[in-house]
Amino acid sequence: MIDIKIIRNSPEMVKDSIVKRGGRYLKTFEELIEKDEKWRQSLKEVEELRNKRNEVAKKISSYKVKKTEPPKEFLDEAANIKATIARKEENLKVFENEVSQLLLSIPNIIDSTVPTGNSEEDNKVVYEDISNKREFSFKPLSHYEIGEKLSILDFDCAAKLSGSRFALLKGKGAKLERALIQFMLDLHTQNGYTEIFPPFLVTRKTMTGTGQLPKFEEDLYKVVSDPELFLIPTAEVPLTNMYMDSVIDEELLPLKFTAYTACFRQEAGSYGKDTKGLIRNHQFNKVELVWITTPDYSMTALEKMREDAELVLKLLKLPYRVIELCSFDLGFASSKTYDLEVWLPSEKRFREISSCSNCKDFQARRMNTKFKNSMGKLEYVHTLNGSGLAVGRTFAAILENYQNSDGSVTVPEVLRKYTGFDKI
RNA sequence: GGAAGGGUGGCUGAGCGGUUGAAAGCGCCGGUCUUGAAAACCGGUAGGCGGUUUAUCCGCCUCGUGGGUUCGAAUCCCACCCCUUCCGCCA
């Protein structure tokens with residue numbers, strides 16, 4: 001969440017940021033301002049009463065300590081105040097809850113360098129590497145056509161087991177998926193990331209820490225037998241929350257984590273979109289990157305993290321480009337985001353394969369994660385996350401970009417020591 | 001799932017109804033001593049929120065979480081969560 005003091009001191013700046021996102025949150029914002037006013041008024045009243053109560057209690061205490069009876073008028077006054085407080089506190093609690101819910105529903109302030117835009121058309125291409133883009137002498141097939149022909153992907157079987165938007169990998173396909181995970185993790189751990197294998201189920205509080213809750217509950221899978229537990233939609237959630245409610249030594253920063261996890265998303269609201277193949281499934285694999293840094297370093301960290309994710313594509317020799325998301329397309333928790341997009345020959349277009357975001361102190365404030373700065377003061381850390389990469393989409397990109405006219409697929413060189421075969 | 005014990009400041013750990021927001025130690029910051037460092041000694045050192053200021057004061061809240069008892073709760077009661085140990089079950 002953003003600092004409510006910033007909202008109070010510069011409401012126009014925050015409003016401007018919300019408008020640039022497309023104005024979806026304007027109503028919430030205005031309601032927040034209104035409720036905050038009421039809450040502070042109510043708080044003032046209650047605090048004054050509590051102050052009175054404390055003073056009377058202190059007076060009574062001075063008699064009790066001396067083992068003498070306090071005057072009856074003190075006791076009566078105290079009882080009186082108590083009743084009033086109880087009434088007013090109930091009121092206060094209502095405002096307090098409303099304000100905190102509203103505050104949790106306001107998106108992050110966008111960074112000043114983010115291009116303003118009204119649709120994803122306004123996203124900016126900042127880099128392109130198509131040196132590995134092939135000219136096909138035949139009509140390139142889609143990854144699911146290739147996969148099904150080679151019997152390494154079976155969507156019918158997956159649908160039988162689980163319904164739509166699931167994949168079943170078989171034989172060399174299953175092994176290629178595993179090889180990709182291993183390759184990515186090895187690469188990142190060599191680059192200074194600490195590998196984590198986190199829980200795939202996390203609590204409501206954890207989901208709130210990174211911003212998936214309370215706004216986006218309909219995107220998550222929940223556990224029916226335990227309403228506090230949710231399946232992670234990304235490893236960003238457990239990784240970033242590792243330092244929830246704690247103070248980190250500044251010397252430990254930046255912390256860099258990588259993890260492979262399965263990810264689970266309901267994909268509500270994407271009916272009819274990417275219904276075939278590996279692009280948009282309810283369950284998919286991803287290798288994630290997370291940084292926890294000091295505020296002055298987080299923008300540099302974003303560039304570094306993006307490069308670490310790009311390296312995977314470079315080594316796999318896949319054509320890709322880097323997009324800087326415009327204000328409209330920016331995620332809820334992010335203040336600045338780069339997307340990496342890989343070339344899919346069958347679609348003749350680039351598709352998102354990684355998203356690298358600087359969330360600044362937005363998540364840290366929700367998680368209560370701080371560090372002690374050089375002045376000895378506690379300060380919120382900055383958090384960043386990025387995919388390094390989405391495994392299923394990488395799988396798809398390999399099938400498409402490395403397909404041969406005879407229907408076979410060549411395994412990228414860097415993967416061969418993991419797969420043990422060079423052709424599918 | 002059952003039983004017992006426990007969750008206190010950045011950390012360790014005392015307190016178990018009335019100036020206790022909290023002893024002591026560690027750590028950290030400043031100072032003395034020293035050519036410098038260490039040691040020793042002296043002093044300082046929780047966070048959040050509201051108001052007032054813009055840097056000063058006042059107030060409120062916080063001893064796992066949420067309720068309750070009381071004029072007053074870290075301290076008593078209830079529920080829940082987590083940790084440790086033992087038993088049971090189990091990949």
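Note that this is a predicted model, so its numbers are computed, not measured. Atom set for the values below is all heavy atoms of this structure, side chains included, hydrogens, waters and symmetry mates excluded. Reminder, nothing fancy here: chain letters follow the sequence lines and each chain counts from 1.
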**OP:** May I ask you to verify if any side-chain N or O of A:Arg53 is less than 4.0 angstrom from the OP1 or OP2 atom of B:A73?
**Re:** no
Subject >> Interatomic distance at C1', B:G21 relative to B:U8, whole Å >> reply: 11 Å
Subject >> Nucleotide of B:U70, B:C49, B:C60 approaching A:Trp39 most closely (side-chain heavy atoms) >> reply: B:C49
Original post:
Among B:G72, B:C49, B:G67, which is the nearest nucleotide to the side chain of A:Ala57?
Top reply: B:G72
Original post:
Can you check the A:Glu379 CD to B:G48 P distance for me, whole Å?
Top reply: 11 Å
Original post:
With no hydrogens and no angle check, do the side chains of A:Tyr297 and A:His382 hold a donor and an acceptor under 3.5 Å apart?
Top reply: no
**OP:** Please state the P separation for the pair B:A24 and B:A79 - nearest whole angstrom.
**Re:** 37 Å
**OP:** Let me know the distance between NZ of A:Lys205 and P of B:G66, rounded to the nearest Å.
**Re:** 11 Å
Subject >> Whole-Å distance separating the NZ atom of A:Lys58 from the C1' atom of B:C60 >> reply: 12 Å
Subject >> Distance, C1' atom - from B:C33 to B:A73, rounded to whole angstrom >> reply: 47 Å
Subject >> Per A:Asn51 side chain, nearest of listed nucleotides B:G10, B:C60, B:G48 >> reply: B:C60
Subject >> Donor-acceptor pair between A:Tyr193 and A:Asp308 side chains, under 3.5 angstrom >> reply: yes
Original post:
Is a side-chain N or O of A:Thr189 found less than 3.5 angstrom from the main chain of A:Leu185, in a donor-acceptor match?
Top reply: yes
Original post:
Of the nucleotides B:C60, B:G67, B:C71, which one has an atom closest to the side chain of A:Glu47?
Top reply: B:C60
**OP:** Using the C1' atom as the reference point in each nucleotide, state the distance between B:A23 and B:A74 in Å, no decimals.
**Re:** 14 Å
Original post:
In terms of side-chain heavy atoms of A:Arg50, which of B:G18, B:C60, B:G67 is nearest?
Top reply: B:C60
Original post:
In terms of the angle between their ring planes, are A:Tyr25 and A:Phe332 parallel, tilted or perpendicular, with boundaries placed at 30° and 60°?
Top reply: tilted
Subject >> Nearest to side-chain heavy atoms of A:Lys370, which nucleotide of B:G47, B:C61, B:C49 >> reply: B:G47
Original post:
Is it true that A:Glu217 and A:Arg204 make a salt bridge, defined as a side-chain N closer than 4.0 Å to a carboxylate O?
Top reply: yes
Subject >> Pairwise P distance for B:A39 and B:A46, with rounding to whole Å >> reply: 23 Å
Subject >> Atom C1', compared across B:U69 and B:C60: separation rounded to whole Å >> reply: 22 Å
**OP:** Compare side-chain N and O positions of A:Lys82 against OP1 and OP2 of B:C71 and report whether any pair is under 4.0 Å apart.
**Re:** yes
Original post:
Rounded to whole angstroms, how far apart are CG on A:Leu103 and P on B:G48?
Top reply: 16 Å
Original post:
What nucleotide among B:C71, B:G51, B:G67 has an atom nearest to a side-chain atom of A:Arg40?
Top reply: B:G51
Subject >> Pairing partner (Watson-Crick or G-U wobble, both distances under 3.5 angstrom) of B:A55 >> reply: none
Subject >> Selected nucleotide, minimal atom distance to A:Val247 side chain, candidates B:C71, B:C61, B:G10 >> reply: B:G10
Original post:
Whom does B:C86 pair with, Watson-Crick or G-U wobble, provided both distances fall under 3.5 Å?
Top reply: B:G2
Original post:
Any side-chain donor-acceptor pair under 3.5 Å between A:Tyr320 and A:Glu341?
Top reply: no
Original post:
B:C49, B:C60, B:G18: which one has an atom nearest the side-chain heavy atoms of A:Lys5?
Top reply: B:C49
**OP:** Considering only atom P, compute the distance from B:U70 to B:U75 and round it to an integer number of Å.
**Re:** 16 Å
**OP:** Scan every strand shown for a Watson-Crick or G-U wobble partner of B:C41, both distances under 3.5 Å, and answer none if you come up empty.
**Re:** B:G31
Original post:
To the nearest angstrom, how far is A:Glu37 atom CD from B:G51 atom P?
Top reply: 9 Å
